[in-house]
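Okay, so here's the structure we're looking at.
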Amino acid sequence: MNAPTPSPTDDRAASAPRGRVDRFFHISERGSTFGTEIRGGLATFFAMAYIIVLNPLILNGTADVNGDVLEVPQLVAVTALVAAISSILMGIVSRYPFALAAGMGLNAVVAYGVAPLMAWSDVFLLLIVEGLILTVLVMTGFRTAVFAAIPGGLKIAIGVGVGLFLTIIGFVNSGFIQGGGGTIVSLGNGGLNTLPLLIFVIGLLVTIALYVRKVPGAMLLGIIVSTVAAIVVQALFGGRGEGLAWQLPGSTPSLPTSVGDVVALPDFSLIGLFVEGGFNIAARWSDVGVATVVMLLFTLMLADFFDTMGTMVGVAHQAELTDENGNLPRTREVLAVDAFGTIFGGAASASIATVYAESAAGVAEGARTGIAPIVTGLMMVVATFFAPLVTIVPFEAATPVLVIVGFMMLLPVGKIDFTDPAVGLASFFAIVVMPFTYSIANGIGMAFIVYTFVRLVEGKPRHVHPLMWVVSAVFLLHFAEAPIYALIG
């Protein structure tokens, strides 16, 4: 049983299209309205707006092989720009409610796995090459074929796993769960004993109440109420002692006191950084070595490939956009724009742009069409000028939405046939590995390997699609990267 949307029935449109735009985006056909799509786009924006601040902090947190460090203001501008253009393009081309931005996890690989080995310009050239390879895989139909080869029950499990992944992101980013305290993780900072954590709890309860009451705009209203509460708490207690410790670095939920606290001209000077050094790729990567470059490309491509697939499956299931086999019509268009996001992310020096799981926040508001990511993209355009204002929304105010969305994405779990050992065990690994390892790709990889292994043990190898065997073998290589690196090092 899929989650109900917060919008009441009378807020949904009739099935008859109401003009060219309605027909193009299938708004009425999918039971939505312009108002619902706008709310959904805004909810998605506020749920993922943290990336405008967090991606620059991650990329700024390390130097390249030459000791050069990228500056935060320029990174803020290109991060928002890439998210804006990619999301708008996704809305127009795919007509689905999928927004794009710099991928969490992928940006960490770029910053801490690739940058120490080469100059930043070469790093972003590597991302462009990866995006071009993904484009070829999309155009040849390979990427779509892999998606179609996944068993239906496993597709549902991937969606559930993405939901739990979003939930743990919400809990961790808010500080609701932390490491230490005598256990692997613990509740808050020795308990829920800080004011920022109180804001998270208030936001969570308010969002639950609005969702249960099916209030239109429940997710967005939850974020707004939480942010207002955070501003009040900061104003009353922020000046005492060391102040309040908000989870998002650089984020202070306070009312702006000057124009500079609200608006600033964006600095796009990082765009085109990849052209430094020319286009003799062999020469630029000669110091790193061919084998290492291939392994880096393989790692980035695998994570990007399946992060997108997992997110697409999860959000599409939540929005009830898949067919009876769990497949999404116009998958190629989604994957093509996602590949463009990788290329554009490299060209603009903003890391890899990929489909965002936080799109589920918009779907929870009732978004079902490409109007929602267009709205999100337009908000990202605005954010390039209002980056200081975006930092007002702390993690504690935005992340309760992710927790509720995680619950909503968990609901279809009853459709998985856990009595089938292959599907059941593979689904189990997909669901638990994603949140426990903080990686959608890891969960999918483990699920594929377990599924093919169990079918082999059962003596039913022919029940496995040939592409599943290929992808499982690729994931085995991926998980064995460390010893492979040791051999070639």
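Counting begins at 1 with the first residue of the sequence. Below, each value reflects all heavy atoms present in this structure, side chains not excepted, and no hydrogens, waters or symmetry copies.
For E130, there are no side chain to side chain donor-acceptor pair (under 3.5 Å) partners at least two apart in sequence or on another chain. Partners of F124 by ring pair (Phe, Tyr, Trp, His ring centres under 6.0 Å), not counting sequence neighbours, listed by chain and number: W120. For F46, there are no ring pair (Phe, Tyr, Trp, His ring centres under 6.0 Å) partners at least two apart in sequence or on another chain. Every residue two or more places apart in sequence or in another chain that forms a side chain to side chain contact (heavy atoms under 4.5 Å, CB included) with P435 is listed here: L164, I168. For F340, the ring pair (Phe, Tyr, Trp, His ring centres under 6.0 Å) test picks out F344, with sequence neighbours left out. Contacts of S351 classified as side chain to side chain donor-acceptor pair (under 3.5 Å), with partners at least two apart in sequence or in another chain: none. In this structure, the side chain to side chain contact (heavy atoms under 4.5 Å, CB included) partners of I169, at least two apart in sequence or on a different chain, are F165, N173, L402, Y438. Scored by the ring pair (Phe, Tyr, Trp, His ring centres under 6.0 Å) test, Y356 finds no partners at all (sequence neighbours excluded). Take V76 and apply the side chain to side chain contact (heavy atoms under 4.5 Å, CB included) test, not counting sequence neighbours, and it matches I52, P56, V72, A387.
The closest donor-acceptor contact from the side chain of E37 to the backbone of S32 lies at 3.5 Å or more, if one exists at all. Checking side-chain atoms of T331 against main-chain N and O of L328 turns up a donor-acceptor pair under 3.5 Å. A donor-acceptor contact shorter than 3.5 Å is absent between the side chain of D267 and the backbone of Q74. Formation of a donor-acceptor pair under 3.5 Å by the N442 side chain with backbone atoms of M434 is not found in this model. Between the side chain of R368 and the backbone N or O of G31 there is no donor-acceptor pair closer than 3.5 Å.
Legend: side-chain hydrogen bond (donor to acceptor under 3.5 Å, both in side chains) pairs involving residues 146-171, not counting sequence neighbours, sorted by first then second residue: K155-N327. Within the structure, side-chain hydrogen bond (donor to acceptor under 3.5 Å, both in side chains) pairs that include any residue of residues 84-108 comprise N55-N107 (at least two apart or interchain). Sequence neighbours left out, not one pair with a member in residues 395-408 passes side-chain hydrogen bond (donor to acceptor under 3.5 Å, both in side chains).
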Query raised in the report: Should T376 and M48 be marked as a side chain to side chain contact (heavy atoms under 4.5 Å, CB included) after you check the CA-CA gap, both sets of side-chain angles, and the distance that decides it?
Result: CA-CA 9 Å; T376 301; M48 63 188 286; 3.9 Å; yes

Report task. Give the intermediate values and the outcome of side chain to side chain contact (heavy atoms under 4.5 Å, CB included) for residues L126 and L300. Result -> CA-CA 9 Å; L126 188 75; L300 288 169; 3.8 Å; yes

Requested in this report: Take D338 and R143 through the salt bridge (charged side-chain N to carboxylate O under 4.0 Å, His left out) test and state the conclusion after the steps.
Outcome: CA-CA 12 Å; D338 179 77; R143 207 174 176 188; 3.2 Å; yes

Query raised in the report: Does the side chain to side chain contact (heavy atoms under 4.5 Å, CB included) test come out yes or no for M409 and V160, once each step is laid out?
Result: CA-CA 6 Å; M409 296 180 72; V160 173; over 6 Å; no

Report task. Decide side chain to side chain contact (heavy atoms under 4.5 Å, CB included) for T311 and T354; before the verdict, give the C-alpha distance in whole Å, the side-chain angles of both, and the deciding distance to 0.1 Å. Result -> CA-CA 9 Å; T311 302; T354 186; over 6 Å; no

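Below 30°, between 30° and 60°, or above 60°: for F176 and F200 the angle between ring planes is between 30° and 60°, a tilted geometry.
To the nearest 0.5 Å, atoms CZ (R330) and OG1 (T144) are separated by 12.0 Å. Annotation: the span from E365 atom CD to T36 atom OG1 amounts to 8.5 Å, rounded to 0.5 Å. Between the OG1 atom in T135 and the CG atom in L335 there is a gap of 10.5 Å [rounded to 0.5 Å]. Rounding to the nearest 0.5 Å gives a distance of 6.5 Å between OG1 of T207 and CD1 of I404. Interatomic distance, CE of M139 versus CZ of R332, reported as 6.0 Å (0.5 Å rounding). Of the inter-residue distances, the one linking S359 atom OG with Q318 atom CD reads 10.0 Å to the nearest 0.5 angstrom.
The heavy-atom pair separating A245 from P196 by the smallest distance is O-CG, 3.6 Å. In terms of heavy-atom proximity, A367 sits nearest to P97 at O-CG, 4.0 Å. Considering every non-hydrogen atom in both A77 and P266, the closest pair reads CB-CB, 4.0 Å. Considering all non-hydrogen atoms of both residues, I88 and G377 come closest at CG1-CA, 3.8 Å. Across every non-hydrogen atom of S226 and G222, the tightest pair is OG-O, 2.8 Å. Here the shortest heavy-atom pairing between N60 and L75 reads N-CD1, 4.0 Å.
Using a 4.5 Å cut-off on side-chain heavy atoms (C-beta onward), L425 and Y451 make no contact. Residues F98 and M312 are in side-chain contact: their nearest non-hydrogen atoms beyond the backbone lie under 4.5 Å apart. Side-chain contact check for T308 versus L134: every heavy-atom pair is 4.5 Å or farther apart. Contact of the I431 side chain with the V413 side chain is registered, since non-hydrogen atoms from C-beta on lie closer than 4.5 Å. Residues Q247 and Q178 meet the side-chain proximity criterion, which asks for heavy atoms closer than 4.5 Å. Between F418 and V423, every side-chain heavy-atom pair lies at or beyond the 4.5 Å cut-off. Side-chain contact between M309 and I150 is present, with at least one heavy-atom pair separated by less than 4.5 Å. Between I231 and Q234 the shortest side-chain heavy-atom distance does not fall below 4.5 Å.
No more than 12 heavy atoms of other residues, nucleotides or ligands sit less than 6.0 Å from atom CZ of F436.
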